[in-house]
Amino acid sequence: GCSLFMAPSSIPDAGWGLYSGSDVQIGGLVGPDKDVVVPILDVYKTLPYRGQQRFLSWLGYIWPEEIDAFYHSTRSSFPKIPLSRYPNIEGLNSGTKLKWYFHGEAYSAFAPGIASLSNSHEELSNLAYHGGDFYASENIPTGSELFLNYGWRWHHRNDLWKTVSPAYDTLDDYNRGYDFSTLPTEKEKRAQLDTATSRRDWDVERPSVRKIYYEEEEEEEDELADEETLDHIKSLDWLEEHGVCVDQMQFSEEKDAVVAARAFHKGQIVAPAPLLALKREDLVMYDVDEEATKYSHSIDFDTIEGIEPLIGFCYGHPDSELLLLPYSPMVTWIEHSSTSPNVKIEWAEDHPNNEEFLKLHPIDVMELPGGSLRMNFVALRDIAPGEPILLDFGSAWEQASDTEDGLDKERGVPDGFFPQHWIGASTKYELAGLDEPLEPGEMRPMVWKHNGKPLMEKGAFRVGLPKGFTQSMYDYSEKLGIVEMYRNLLTKTVLESDDWFVFNTTEGEFFAQRYMNTAWDFNMHYISAWSEEARRSYLGAMGKAGFDTCLEAVGKHYGLDNLTCFHSSYMGLSNCDNSFTHTDVYATGDVGFNIFLPILTVEGSKPELDIIPDNPHVVLSVKYEHDTAIVLGDYGYHKTSPNDYDDIGKMRVVAGSYCAQITSENKGMIAHIYDGDDPAPFMGQFQEPFELHWSKDGKHSLKGLWQDDWQPMKVATE
């Protein structure tokens with residue numbers, strides 16, 4: 001009978017698991033011995049160093065030499081996004097209990113078989129690893145799921161999200177669990193700012209954002225209950241119906257090869273092989289300067305140091321960027337023969353969703369959880385026990401194996417094995433372009449080029465603005481001296497990091513702030529209205545330029561009654577190596593928006609705005625376009641893209657505006673969002689009746705701010 005089954009794990013959403021097909025006494029060997037372990041040599045595979053991804057799906061199956069070896073989550077450029085919004089699947093990258101050593105030094109490794117297929121459980125762990133083999137750490141009954149213990153850090157890796165802001169999921173959560181009465185009134189806020197010892201040393205303490213603890217305790221109790229009732233011991237009938245046998249090959253020391261553990265008839269499955277998907281570029285190793293002070297200077301992409309040894313165990317087509325890596329026991333030991341192969345590879349017809357997933361674009365395949373696709377090694381003829389298992393890797397592999405670069409070639413797949421749409425397809429994440437410029441008021445979702453799907457469920461849009469909008473806002477900014485102020489701020493050290501000051505213009509007082517340049521390694525300054533006259537002037541200039549067109553498009557698309565732009569500012573930048581992934585608008589009840597409006601761009605620049613789509617591991621860089629707004633909805637995570645204009649004496653200036661339908665239900669939440677962008681002097685705008693800048697009945701617009709009978713917002717005194 002079969003001693004080792006691969007079947008759906010008893011842990012919810014854990015994918016495949018391994019089960020014992022027989023009783024194993026404590027100390028007994030579990031599964032085949034001496035499986036391959038492949039070192040992973042390069043850790044610079046993801047952002048902020050290279051590529052477009054914060055983490056690669058297949059890296060979740062690599063045991064790291066140290067925590068976060070491949071997922072640079074501890075770096076300020078990529079903080080942990082709250083897991084309640086974006087589940088963060090980093091796999092073994094935070095595992096600590098299994099280490100691989102070579103000559104006494106730990107190294108990161110791909111270890112197929114038990115090390116990749118066994119899930120982790122703190123209480124039910126029943127496996128121990130020693131000397132290249134796995135043993136029972138306790139008596140294992142027939143049908144038991146086999147568990148490792150990845151370590152405390154792995155099991156508690158998600159606890160950190162509770163300390164990340166925003167910590168709540170929805171507007172209801174905030175209204176229930178957050179005391180908005182602690183927010184300052186406008187009078188209190190301005191008093192805090194005016195009485196600070198120095199505006200350059202200014203700091204205002206904000207109420208902390210905390211999780212709803214009573215709900216957390218209930219969730220923990222539910223988790224414990226789930227563990228106690230985990231159905232982790234299955235019957236052999238269940239395993240034979242829902243699983244596949246994975247112990248039918250073993251390594252022969254005598255023949256130095258993997259051999260059949262029993263007899264097979266022609267057409268029988270010798271070994272099932274769940275697959276990981278990766279791209280060729282993932283395995284290229286470039287020259288790295290580990291002493292570089294900037295991420296953008298860390299890798300020399302003109303100098304290739306080599307290819308990861310892992311490529312020799314992957315399967316691919318010479319004209320496809322997609323590679324497939326099997327990770328079931330012993331399959332990596334299978335050797336090549338063009339003259340007398342006894343197995344072939346076929347797609348597993350009985351594997352759930354195989355047919356559906358094969359229709360996907362290679363990018364979507366690479367994003368699938370490990371094991372979503374499966375192939376089988378199938379007997380070409382009858383195979384006797386003890387006979388070496390041989391597969392034809394193809395002529396390209398055979399020719400490469402005769403050269404010094406023989407290990408730098410993947411194993412070939414048969415003609416027709418890869419779907420035609422995988423051949424020649426790009427694995428670069430790209431935004432679908434526009435066939436023609438947007439008409440004023442035309443609102444289109446940002447969609448992926450490779451599959452046409454939206455980047456974000458909550459919404460990421462481009463909206464056409466009236467022709468000349470960008471020039472009109474530039475002219476206004478130049479007239480007020482804002483453009484000249486930026487030339488001084490960005491070329492001289494006028495302010496240290498996080499310092500700010502108030503300055504006069506012909507249209508009232510504005511403030512300038514140098515924002516987080518030390519922590520995030522970029523030279524960005526904010527400029528925003530300080531006085532009521534300046535606030536009215538800035539909003540009025542936006543209205544005169546035609547911003548009402550954008551507000552109407554957003555309001556109609558989301559079925560809103562009205563919109564108020566409660567925070568508007570300039571963002572000027574001369575260089576950025578590393579910035580911060582964040583969301584400015586969140587938990588508004590899907591009625592709040594962050595709108596980006598380019599004022600001054602640099603011709604020939606790389607993309608300027610990094611957007612985090614619904615897949616939080618991907619970063620898509622987007623270019624600003626004149627007379628086009630970018631609109632992000634609730635939880636629109638983004639960051640400033642790396643760019644350096646200093647060497648060419650240029651700068652970029654963008655206007656940003658937070659707009660929302662403010663109601664009695666969400667006014668505290670909107671005020672909390674605004675208060676987070678300190679200095680935030682206009683706290684009075686969240687008092688009823690609210691100032692409206694667009695309404696569907698046509699009675700309110702930003703153009704109205706230029707009318708003589710417009711009344712300034714009243715300052716709250718309480």
Side-chain angles (χ1 to χ4, degrees), residues 1-7 16 18-25 27-37 111-118 127 131-136 140 142-144 146 234-275 312-313 315 326-351 374-393 411 414:
C2 180
S3 65
L4 196 64
F5 286 91
M6 183 182 79
W16 295 103
L18 281 181
Y19 293 81
S20 177
S22 60
D23 292 343
V24 184
Q25 299 300 309
L29 181 68
V30 177
D33 62 349
K34 301 297 186 294
D35 215 330
V36 171
V37 176
I114 292 177
S116 290
L117 280 168
S118 297
L127 291 176
D133 294 322
F134 288 89
Y135 299 89
I140 300 176
T142 298
S144 297
L146 302 175
K234 308 292 187 181
S235 69
L236 286 178
D237 288 342
W238 186 93
L239 290 174
E240 289 172 356
E241 178 181 355
H242 298 279
V244 288
C245 188
V246 291
D247 75 339
Q248 302 182 119
M249 297 188 300
Q250 61 190 20
F251 188 78
S252 168
E253 296 282 356
E254 178 184 352
K255 297 178 180 178
D256 193 28
V258 67
V259 301
R262 67 173 183 82
F264 293 96
H265 295 298
K266 180 181 179 180
Q268 282 190 302
I269 296 174
V270 176
L275 299 167
F313 302 95
Y315 291 77
Y327 63 99
S328 51
M330 308 308 290
V331 295
T332 46
W333 281 113
I334 294 175
E335 295 186 358
H336 165 74
S337 174
S338 60
T339 57
S340 56
N342 53 15
V343 294
K344 63 179 179 178
I345 55 172
E346 292 181 348
W347 291 111
E349 295 181 357
D350 61 339
H351 191 67
R374 195 189 94 205
M375 67 183 188
N376 292 328
F377 292 88
V378 178
L380 285 169
R381 55 172 175 77
D382 290 350
I383 301 174
E387 185 178 345
I389 304 299
L390 301 172
L391 175 72
D392 185 355
F393 295 169
R411 303 174 180 187

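When reading the values below, keep in mind they use all heavy atoms of this one structure, side chains included, and skip hydrogens, waters and symmetry mates.
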Using a 3.5 Å distance criterion without hydrogens, assess whether the side chain of Ser338 forms a donor-acceptor pair with backbone atoms of Asp392. no
Heavy atoms only: give me the nearest Asn342-Ile383 pair and the separation to one decimal. O-CD1, 3.5 Å
Considering only NZ, NE, NH1 and NH2 on the basic side and carboxylate oxygens on the acidic side, decide whether Lys255 and Glu335 come within less than 4.0 Å. no
Hey, is the main chain of Pro272 close enough, under 3.5 Å, to the side chain of Ser328 for a donor-acceptor pair? yes
Sub-4.5 Å side-chain heavy-atom contact between Asp35 and Phe251: no
Could you go step by step and tell me if Trp16 and Val244 meet the side chain to side chain contact (heavy atoms under 4.5 Å, CB included) rule? CA-CA 11 Å; Trp16 295 103; Val244 288; 5.9 Å; no
For the student: nearest non-hydrogen atoms of Gly31 and Ile114, plus distance: CA-CD1, 4.1 Å
Which heavy atom in Trp347 sits nearest to a heavy atom in Arg374, and how many Å separate them? CE3-O, 3.5 Å
Can you name the nearest heavy-atom pair linking Thr332 to Pro326, along with the distance? CG2-O, 4.3 Å
Could you tell me how the ring of Phe393 sits relative to the ring of Tyr315: parallel (under 30°), tilted (30 to 60°) or perpendicular (over 60°)? perpendicular
Are Leu117 and Pro274 close enough that some pair of their side-chain heavy atoms sits under 4.5 Å apart? yes
Flag for Thr142-Asp23: side-chain donor and acceptor within less than 3.5 Å: yes
With no hydrogens and no angle check, is any side-chain donor or acceptor of Gln248 less than 3.5 Å from a backbone partner on Ile269? yes
From CG (Leu239) to CG (Leu18), nearest 0.5 Å: 10.5 Å
Less than 4.5 Å apart, side chain to side chain, heavy atoms only: is that true for Leu29 and Tyr135? yes
What's the verdict on side chain to side chain contact (heavy atoms under 4.5 Å, CB included) for Asn376 and Glu349, showing C-alpha distance, side-chain angles and the deciding distance? CA-CA 9 Å; Asn376 292 328; Glu349 295 181 357; over 6 Å; no
Interatomic spacing from NE2 in His242 to OH in Tyr19 - rounded to 0.5 Å: 10.0 Å
Rounded to the nearest 0.5 Å, what separation is found between the NE2 atom of His265 and the CG atom of Asp382? 6.0 Å
Beyond-backbone contact of Pro32 with Leu4, side-chain heavy atoms, under 4.5 angstrom: yes
Please report the shortest heavy-atom distance between Ala111 and Ser116, naming the atom on each side. O-OG, 2.6 Å
Before giving the answer on side chain to side chain contact (heavy atoms under 4.5 Å, CB included), spell out for Ser340 and Leu390 the whole-Å C-alpha distance, their side-chain angles and the decisive distance to 0.1 Å. CA-CA 7 Å; Ser340 56; Leu390 301 172; 4.3 Å; yes
Would you call Val24 and Ser3 a side-chain contact if the rule is heavy atoms closer than 4.5 Å? no
Determine whether a donor-acceptor pair (N or O, by modelled atom type, separation under 3.5 Å) exists between the side chain of Arg411 and the backbone of Gly312. yes
Heavy-atom closest pair (Ile140 atom, Ser20 atom, distance to 0.1 Å) is CG2-CB, 4.0 Å
Evaluate the side-chain proximity of Val259 to Glu387: yes if any heavy-atom separation is below 4.5 Å, no if none is. no
Under the side chain to side chain contact (heavy atoms under 4.5 Å, CB included) test against Ile334, which residue among Ile389, Ile345, Val270 passes? Ile389
As an exercise, state the distance from CG of Asp247 to CE of Met6, rounded to the nearest 0.5 Å. 12.5 Å
